[in-house]
Amino acid sequence: MSMATRIQEKLCAALSPQRLEIRDDSSKHEGHAGWRPGGGTHFHVEIVSEAFSGKNRVERQRMVYALLKEEFAEGLHALQLVTRTLAEEQS
């Protein structure tokens with residue numbers, strides 16, 4: 001299973017997002033720390049979920065990082081995160 005699929009499955013199961021976009025940006029980081037041929041190391045993730053209600057940006061990012069702990073241990077190197085509630089997305 002690809003790293004993108006693993007990220008998608010875990011975030012969907014835990015956060016029931018209204019919107020989730022995952023983009024593998026690994027090719028932009030060739031030669032940088034954590035990069036591997038074939039990708040799966042650097043991702044841009046935008047997620048809209050009511051699970052983020054009442055939480056600040058750092059708390060939201062910690063939630064996502066905790067959910068993907070296994071993926072980081074297995075080669076995921078970096079995430080660029082955009083985390084919003086539905087109300088924030090609509091405004």
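Quick note: residue numbers are just sequence positions, from 1. Keep in mind the model is a prediction, meaning the values are calculated, not measured.
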Step by step, work out the side-chain contact (heavy atoms from CB on, under 4.5 Å) result for Leu20 and Cys12. CA-CA 8 Å; Leu20 175 62; Cys12 284; 3.7 Å; yes
Rounded to the nearest 0.5 Å, how far does CZ of Phe52 lie from CE of Met63? 5.5 Å
Roughly how far apart are Asn56 CG and Gln61 CD, rounded to 0.5 Å? 9.0 Å
Closest approach of Asp24 to Gly40 (non-hydrogen atoms, all atoms of both residues): OD2-N, 3.0 Å
Could you tell me if the side chain of Thr85 sits less than 4.5 Å from the side chain of Arg60, heavy atoms only? yes
If every non-hydrogen atom of Ile47 is compared with every non-hydrogen atom of Leu11, which pair is closest and at what distance? CD1-CB, 4.1 Å
Could you go through the side-chain contact (heavy atoms from CB on, under 4.5 Å) check for Lys10 and Glu71 one step at a time? CA-CA 10 Å; Lys10 286 202 172 177; Glu71 285 67 26; 3.2 Å; yes
Worked check of side-chain contact (heavy atoms from CB on, under 4.5 Å) between Leu86 and Glu50: CA-CA 6 Å; Leu86 188 57; Glu50 288 308 304; 2.8 Å; yes
Do Val82 and Ile22 share a hydrophobic cluster (ILVMFWY, side-chain heavy atoms under 4.5 Å, transitive)? no
Flag side-chain contact, heavy atom, 4.5 Å: His42 against Gln80: no
If we only count heavy atoms from C-beta on, is the Ile7 to Leu76 side-chain gap below 4.5 Å? yes
For residues Glu9 and Met1, determine if any side-chain heavy atom of one lies less than 4.5 Å from a side-chain heavy atom of the other. yes
Nearest 0.5 Å please: distance from the CD atom of Glu70 over to the CZ atom of Arg6. 7.0 Å
Counting only heavy atoms not in Arg57 (residues, nucleotides, ligands), do more than 12 fall under 6.0 Å from its CZ? no
Report yes if the side chains of Arg23 and Glu46 come closer than 4.5 Å at any heavy-atom pair, otherwise no. no
All heavy atoms of Arg84 vs all of Glu88, minimum pair found to be CA-OE1, 3.2 Å
In the structure I gave you, are the side-chain heavy atoms of Met3 and Phe43 within less than 4.5 Å of one another anywhere? yes
With a 4.5 Å limit on heavy-atom distance, are the side chains of Leu68 and Leu79 in contact? yes
Backbone of His77 reached by a side-chain donor or acceptor of Thr41 within 3.5 Å: no
Are the side chains of Pro17 and Val48 in touch, meaning some heavy atoms are under 4.5 Å apart? no
